[in-house]
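To keep things clear, I will list the structure first and then write my remarks on it.
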Amino acid sequence: MSLSTRSNAVLAASSGSIMWEVMANLYDPVTNPTGYYSVGVAENVLMHDELLAHIHDHFRLTSKYLTYNDGASGSKRLKTAMARFLTQHLHPTRPLDPGHLLLTNGVSAAVEHLSWALADAGEGILLGRPYYGTFIADIGLRFGTEVVAVDFQGQDPLGTTCVDAYRRAMTDFTARTGKKVRALLLCHPHNPLGRCYPRSVIIELMRLCQEHRMHFISDEIYALSIWGSTDAGTGFESALSIDTTGIIDADRVHVLWGMSKDFGANGLRLGAIISTNDRVRAGVDSAALYSYVAGPSDHISASVLEDDAFTAAYIHANNEKLAAAYEYTVQLLEQHNIPYMAGTNAGFFIWVDLGTPFLQRHPEAVHVNVSDEVMQRLLKERVFLASGALFGSETPGWFRIVFAHPRDYLAEALRRVVAAIE
């Protein structure tokens with residue numbers, strides 16, 4: 001059966017990904033003892049019992065949640081609850097207006113909506129390397145927007161010199177293609193580096209966007225997963241907390257958040273676009289039917305966000321558990337002389353260099369292919385990590401380890417990682 005050109009292109013682009021094969025064959029001590037240990041997917045399972053207890057205690061649907069409710073971009077109840085909750089925790093310059101929120105079935109849908117609304121096919125969105133790998137599909141898979149990858153050539157991707165790198169990438173793209181760059185997308189806190197952008201860098205990137213009439217998008221899906229002290233790295237400050245007067249037009253700034261990471265609930269499929277731009281919201285709302293939030297997810301999320309006592313306790317306990325899991329992981333990495341990026345204090349992953357110790361132990365290996373060689377050995381050990389090759393890493397051999405797992409599971413997964421490079 002013949003498929004469309006775009007469908008064939010998508011099939012070709014996704015053929016190298018094994019993540020869903022792994023996800024369909026995960027380890028279970030009873031039902032699948034030979035399955036994969038996965039520390040490669042950004043899921044936080046440390047607080048599932050606490051969240052499930054709250055859900056079970058408050059899950060009482062009314063018939064409204066079996067209808068189309070208040071429309072495709074989320075219920076008024078949830079928008080009100082989320083606006084109030086994020087005002088408390090992100091410290092915006094003024095309280096968030098529920099009318100400025102558009103809710104989606106996940107932040108991936110939110111990114112895709114903004115790519116569709118802000119750029120035409122062939123136009124660009126700036127994305128610094130390394131990046132969250134799925135951003136590539138979110139930005140360009142269906143609508144043809146181009147990802148303009150930003151190289152830093154050994155400089156800090158979150159440091160003050162990064163602004164010049166973004167400027168160069170924008171200029172080179174326009175000179176090469178004759179097309180405009182329409183937006184700059186940050187993951188803040190950063191995935192996979194687990195760090196926060198300094199306020200000063202965010203402001204300078206906003207200035208760059210204003211100068212070149214670009215939109216500034218801050219994906220803050222890990223905003224409340226800040227577990228390290230500011231001594232270990234820059235603390236988190238939301239783009240919403242910056243007074244944009246004299247820096248960038250407020251209607252060029254769009255912030256994303258969702259329930260997937262900070263509340264360990266990827267399966268709820270609940271994301272949000274926060275924007276004061278009436279035209280952007282109207283454009284996205286016109287296509288919101290295709291990212292409709294399910295009624296039960298809407299109800300569960302509102303029930304959680306309305307409960308101040310629960311959310312305060314949850315966030316505190318979650319960050320304590322993340323900090324402990326991080327410390328355990330880096331101690332093991334250091335014991336086995338595995339390099340990793342220091343300064344991590346957010347999210348639930350570590351950016352590790354498996355290529356260097358592998359090449360030291362296997363000098364016959366080819367440096368340029370080291371990511372593939374290490375991945376094959378990891379899979380033989382039945383453990384899955386996210387390869388930096390799919391995250392735009394500028395150096396071969398880097399991987400992302402997700403540490404937000406129970407201790408026994410994490411210990412066995414890390415044992416297999418070590419075995420793979422020995």
Side-chain angles (χ1 to χ4, degrees), residues 42 102 104 106-152 157-158 162-163 165-174 179-193 195-198 201-223 236 238-240 242 244 248-249 251-258 260-261 271-275 277 280 283-284 291 346-347 390-393:
L102 291 170
T104 60
V107 173
S108 279
V111 174
E112 189 185 69
H113 274 313
L114 287 179
S115 175
W116 170 80
L118 301 179
D120 287 324
E123 294 183 325
I125 292 180
L126 291 166
L127 187 63
R129 301 171 68 178
Y131 42 68
Y132 166 53
T134 305
F135 275 154
I136 303 301
D138 295 346
I139 291 170
L141 187 65
R142 293 202 293 175
F143 304 128
T145 307
E146 293 291 329
V147 171
V148 183
V150 181
D151 299 332
F152 299 103
L158 283 69
C162 79
V163 181
Y166 279 96
R167 188 187 301 275
R168 285 195 302 271
M170 175 199 65
T171 303
D172 291 348
F173 175 80
T174 300
K179 300 285 188 177
K180 294 181 179 180
V181 175
R182 293 297 188 181
L184 184 156
L185 171 61
L186 297 184
C187 191
H188 170 53
H190 193 282
N191 175 8
L193 301 183
R195 294 166 51 205
C196 306
Y197 283 85
V201 172
I202 294 174
I203 289 173
E204 289 307 308
L205 290 172
M206 286 179 170
R207 292 189 191 279
L208 176 68
C209 289
Q210 179 70 10
E211 178 185 351
H212 294 278
R213 303 182 64 80
M214 296 186 293
H215 291 263
F216 179 88
I217 306 168
S218 183
D219 178 352
E220 301 185 0
I221 195 170
Y222 296 97
F236 175 76
S238 171
L240 294 169
I242 296 172
T244 59
I248 187 173
D249 296 337
D251 63 1
R252 292 186 181 277
V253 177
H254 318 284
V255 172
L256 311 179
W257 186 77
S260 294
K261 310 305 181 182
I273 300 170
I274 306 162
S275 175
N277 190 312
V280 168
V284 171
S291 61
L390 299 179
F391 280 56
S393 177

Nearest-0.5 Å distance that lies between atom [atom1] in [X] and atom [atom2] in [Y]:
X      : Y      : atom1 : atom2 : value
Met214 : Tyr166 : CE    : OH    : 10.5 Å
Ile202 : Ile242 : CD1   : CD1   : 4.5 Å
Met206 : Leu186 : CE    : CG    : 8.5 Å
Leu193 : Tyr131 : CG    : OH    : 13.0 Å
Cys162 : Phe152 : SG    : CZ    : 5.5 Å
Lys180 : Phe173 : NZ    : CZ    : 12.5 Å

Distance-minimising heavy-atom pair for [X] and [Y]:
X      : Y      : value
Pro157 : Pro130 : CG-CD, 4.4 Å
Trp257 : Ala223 : CD1-CB, 4.4 Å
Ala149 : Ala169 : O-CB, 4.2 Å

Using atom types as modelled, flag every donor-acceptor pair under 3.5 Å from a side chain in residues 114-127 to any protein atom, sequence neighbours excluded.
residue	atom	partner	partner atom	Å
Ser115	OG	Ile139	O	2.6
Ser115	OG	Thr145	OG1	2.9
Glu123	OE1	Asp120	N	2.8
Glu123	OE1	Arg182	NE	3.1
Glu123	OE2	Arg182	NE	3.2
Glu123	OE2	Arg182	NH2	3.0

*asked:* Is the shortest side-chain heavy-atom distance between Ser108 and Thr134 below 4.5 Å?
replied: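 Counting from C-beta outward, Ser108 and Thr134 do come under 4.5 Å.
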
*Would you call Met170 and His212 a side-chain contact if the rule is heavy atoms closer than 4.5 Å?*
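The answer is yes, as the side chains (C-beta and beyond) meet within the 4.5 Å cut-off.
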
*asked:* Working note: Arg142 + Glu112, criterion salt bridge (charged side-chain N to carboxylate O under 4.0 Å, His left out); need CA distance, chi angles, decisive distance, verdict.
replied: CA-CA 9 Å; Arg142 293 202 293 175; Glu112 189 185 69; 2.6 Å; yes

*Could you tell me which residues satisfy ring pair (Phe, Tyr, Trp, His ring centres under 6.0 Å) with Phe216, sequence neighbours excluded, listed by chain and number?*
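Scan of Phe216 (ring pair (Phe, Tyr, Trp, His ring centres under 6.0 Å), adjacent residues dropped) gives none.
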
If we ignore hydrogens and angles and just use 3.5 Å, is the side chain of [X] paired with the main-chain N or O of [Y] as donor and acceptor?
X      : Y      : result
Arg129 : Gly392 : yes
Asp251 : Asn277 : no
Ser218 : Glu220 : no
Asp219 : Ile221 : yes
Arg252 : Arg213 : yes
Gln210 : Asp249 : yes

*Passes side-chain contact (heavy atoms from CB on, under 4.5 Å), Leu158 versus Val201? Steps please.*
CA-CA 7 Å; Leu158 283 69; Val201 172; 6.0 Å; no

_side-chain contact (heavy atoms from CB on, under 4.5 Å), that's the test. Do Cys209 and His215 meet it? Break it down for me._
CA-CA 6 Å; Cys209 289; His215 291 263; over 6 Å; no

*asked:* Quick check on the 6.0 Å ring-centre criterion: do Phe135 and Phe391 meet it?
replied: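 Between Phe391 and Phe135, which both carry aromatic rings, the centre distance is not below 6.0 Å.
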
*Could you go through the side-chain hydrogen bond (donor to acceptor under 3.5 Å, both in side chains) check for His113 and Thr104 one step at a time?*
CA-CA 9 Å; His113 274 313; Thr104 60; over 6 Å; no

